There are 2 protein chains.
Amino acid sequence: MATLTDVARRAKVTAATVSNVLRNPDKVRPETAERVKRAIRELGYRPNLNARALAEGRSPTLALMLSSIANPFYPEFVLAAERAARRAGYFLMVCNTDDDAEIGRAYLTQIAGTLAEGVLVLNTDIAINELCESAAVGAPIVLSLWEHPEQLPALPCVAVDFAHAGALAARHLLELGHRDIGMLVGDGCGGLQDARATGFREVMREAGLEPDDAAVLQIPDTIDAGFAACVELMEREPHLSALFATNDLLAIGALQALATLGRKVPDDVSVIGITDIQLAHQVRPSLTTVAINTEAIAQASIELLIRLIHEPRGDTQPPAVIAPLPTLVRRQST
Amino acid sequence: MATLTDVARRAKVTAATVSNVLRNPDKVRPETAERVKRAIRELGYRPNLNARALAEGRSPTLALMLSSIANPFYPEFVLAAERAARRAGYFLMVCNTDDDAEIGRAYLTQIAGTLAEGVLVLNTDIAINELCESAAVGAPIVLSLWEHPEQLPALPCVAVDFAHAGALAARHLLELGHRDIGMLVGDGCGGLQDARATGFREVMREAGLEPDDAAVLQIPDTIDAGFAACVELMEREPHLSALFATNDLLAIGALQALATLGRKVPDDVSVIGITDIQLAHQVRPSLTTVAINTEAIAQASIELLIRLIHEPRGDTQPPAVIAPLPTLVRRQST
DNA sequence: ATGAAAGCGCTAACAG
DNA sequence: CTGTTAGCGCTTTCAT
């Protein structure tokens, strides 16, 4: 591959000038610039971004750590994050940890601060304080999709009021007259999604309804698990008139299960989820859900990360961005 | 961030020695190595991969270009590709082009040969010969999911016999006694998926059935488009007893549409797709489809790319890997 | 077994 | 406006 020096030689200038036509075009006479540009074209020159990164002491890439992009929620997040990164002149490196803390750790120590200028963590088996240590020696880390706006972590984060999402779901079902409601609680995002469940329960309690533990199932965060759990639940508690799932994958699994069981949705049973993934409007009946606005969250996360890169904080409180409140999206399943 | 020199100073050795304990441990006396390792730990030292890449003249990352990771097929491919890359010591950078050739071009010229040692292209609006030019000046490029094993491109590729996939689908429907079959042909992978359609048609013709153009719809590669097309098709040609879709997204859209229309699957209408994405077994009724074995293709693609990086070819024929033949997966929709 | 020195390709002062 | 110089952090001969 041709180098800056090759181009310089060919255009009969020095490397600094070539660098300037690329980065400070106004610092160089038009005719010279033209000559240089021709040389660049003729040689098919491409700047070596590694060398540039080294010289500038910064890198043009951000990293995004998540458990597995095979979970249908993440691609939407990734796409939005990549767009935001691209707009800001960054590349995005997606790091699947495969739910393996070792892999996550390896990514972190290898790329944070060298290949990547900053890391966005969605979901991890790595302890927060381990992340803090990494952030202290390496690149800034932002935690996204943090589930507890009222209890912020020791790291910069973008928090989503999932309790509010749960509350919205509860209110919606109550308004429709449901009293007998089953719950499917997922374990995504590195732990049980209990802010969502708590938000839901609180509203129910305010309405004078005590949750029935027999109608609550805690399961992995997949369509298949939602399916199986729904089958089990409807068998054990056939009286349920509605199902609240802490996320859309579970809800979609439940929808499929109900279809298989011959229970009509929403006539016999209503179903509501949280997130509003694309699939939610693509299934039939389409899924009523509480949208968290993934795109906005992804964008805010990238922006926070970039801000942190440019203005590293001292010993100040880690900044927290609270995402816009989730909103109800009524569809056919309720 | 601590540098090699910092570590060297602290361990009272020189940078070369530190480098050696990291990369050629046998070249350094155990006691010295121990001292160095301690210094590394104490300083929280992390090698700067940019500097290393520059010095070594190679980079530890591979790029994967695709139109949009929001298409549910890609995440599965990406996950498998990343695993394969990781096993080989590479990072994977996912580049969404958003179906915009400009963005694809920008990625290519920016990262190919500098940030990324090689590029895997899944799907692009960039012309093949433009890719060739890039490969000539920069990093090797591998085309994956090539649809025409009988007509190889001027670039290294991993080809999948999609015509065979179409043929398998046709044979399956014929065996079940279907004669009146509608077709949903997608436009994914940068062009119509016509190898699949052709393979299908040939088998039909051998069976003495001439395709009815009125029963063929060409549409974008999404669930929503599949849904709409199926509604339109069943209205216009209600006699159809089966539907062949060139990919699972379309087929799943069709499944939803048929449910909405009150047509029973598979009793009234059978549906078959191609690919076998995860969702195919998660919907109800689950989707009969022709599996292409995404994981094997992704893995083979990464392996080919890495081989090309290590042994650049001269003017020889670009190597082509033919993926294992697609196989029928019988489920509930037929 | 360790050190010294050169260089990867680029940027960033600073001179002229 | 353009050239000179130094150096980013690391690897890699070549000496010692």
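In what follows, chains carry the letters A, B, and so on, assigned in the order in which the sequence lines appear, proteins first and then strands, with residues in each chain numbered from 1. In this text, all values refer to a predicted model and were calculated from it rather than measured experimentally. Side-chain atoms are counted along with the backbone in the values below, which use heavy atoms only and exclude waters and symmetry mates.
Within 6.0 Å of CD in E295(A) there are 12 or fewer heavy atoms belonging to other residues, nucleotides or ligands.
Within a heavy-atom distance below 4.0 Å of DNA chain D, the residues of residues 39-56 of chain A found are L54(A), A55(A).
Pairs of residues two or more places apart, or lying in two chains, that qualify as side chain to side chain donor-acceptor pair (under 3.5 Å) and include a residue from residues 35-45 of chain B are R10(B)-E42(B).
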Are there any protein N/O atoms within less than 3.5 Å of an N/O atom in nucleotides 1-3 of chain C, and if so, which ones and at what distance?
residue, atom, partner, partner atom, Å
dT2(C), OP1, R29(B), NH2, 3.2
dT2(C), OP1, T32(B), OG1, 2.3
dT2(C), OP2, R29(B), N, 2.9
dT2(C), OP2, T32(B), OG1, 3.3
dG3(C), OP2, T14(B), N, 2.8
dG3(C), OP2, T17(B), OG1, 3.1

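Look at CD on E34(A): it is 13 Å from P on dT2(D), rounded to the nearest Å. For the pair N24(A) CG and dA13(C) P, the computed distance is 11 Å after rounding to whole Å. Here dT2(D) presents its P atom at 15 Å from CG of L4(A), a figure rounded to the nearest Å. As a whole-Å value, the separation of R23(A) CZ from dC10(C) P is 11 Å.
With contacts defined as side-chain heavy-atom distances shorter than 4.5 Å, the pair D98(A)/R86(B) qualifies. Contact of the V94(B) side chain with the V78(A) side chain is not registered, since no non-hydrogen atoms from C-beta on lie closer than 4.5 Å.
Residue G118(B) comes nearest to L305(B) through the heavy atom pair C-CD2, 3.8 Å, listed as atom of the first residue, atom of the second, then distance. Between A85(A) and L92(A), the shortest heavy-atom contact is CB-CB, 4.5 Å.
Between E102(B) atom CD and D125(B) atom CG the span is 10.5 Å, to the nearest 0.5 Å.
Distances shown here put every side-chain N or O of T5(A) at or beyond 4.0 Å from the OP1 or OP2 atom of dG9(C).
Of the candidates I126(A), L155(A), I141(A), S134(A) forms a side-chain contact (heavy atoms from CB on, under 4.5 Å) with just one, namely I141(A).
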